[in-house]
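Read the structure below first, then the notes.
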Amino acid sequence: DRAPRAAPLGEILAYVERGGELDTTGVPATTHALEVENVFRDDEVVPSLERQQALANAPAANHEAFLVPRVI
């Protein structure tokens, strides 16, 4: 098993620099290749679970929150 050869940085930069040779006259500047539109819905305030109901099946909880192992 041979690991793929990483291209030296100079080769990568030379390849990117070739983009400057292209005639982009009349090509509008873009940030995405495709048209992007927001697909999120508007926020709506809705009723939620009571705290005790949300904590009822937790493996570990105090009267306010879920208790989880320390990560740091």
Side-chain angles (χ1 to χ4, degrees):
D1 240 337
R2 290 178 45 182
R5 181 180 160 267
L9 182 57
E11 288 180 36
I12 296 170
L13 294 176
Y15 182 76
V16 171
E17 193 173 303
R18 287 180 52 198
E21 299 172 8
L22 298 172
D23 179 13
T24 57
T25 306
V27 178
T30 61
T31 56
H32 294 84
L34 302 173
E35 188 67 36
V36 177
E37 62 183 73
N38 186 353
V39 293
F40 298 113
R41 62 174 170 73
D42 291 336
D43 287 340
E44 295 178 20
V45 177
V46 295
S48 62
L49 294 175
E50 293 292 326
R51 182 177 301 175
Q52 292 308 315
Q53 187 180 4
L55 297 173
N57 291 321
N62 59 21
H63 296 290
E64 302 183 343
F66 298 101
L67 299 176
V68 297
R70 185 179 296 201
V71 251
I72 296 179

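Computation of the quantities below employed the complete heavy-atom set of this structure, encompassing side-chain atoms and omitting hydrogens, waters and symmetry-equivalent molecules.
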Quiz item: Transitive ILVMFWY cluster of I72 at side-chain heavy atoms under 4.5 Å: who else is in it?
Solution: none
Practice problem: Can you tell me which residue pairs pass the side chain to side chain donor-acceptor pair (under 3.5 Å) test with a partner in residues 47-68, sequence neighbours excluded? | Solution: none
Which atom pairs, one a donor and one an acceptor, fall under 3.5 Å between side chains of residues 23-38 and the rest of the protein, sequence neighbours left out?
residue, atom, partner, partner atom, Å
D23, OD1, T25, N, 3.1
D23, OD1, T25, OG1, 2.6
N38, OD1, F40, N, 2.8

Self-check item: By side-chain contact (heavy atoms from CB on, under 4.5 Å) - contacts of R18 (at least two apart)
Solution: Y15, E21
Quiz item: Linking Ile, Leu, Val, Met, Phe, Trp and Tyr by side-chain heavy atoms under 4.5 Å, what else ends up with L55?
Solution: F66
Quiz item: Closest approach of E44 and R41, non-hydrogen atoms and distance?
Solution: N-NH1, 4.3 Å
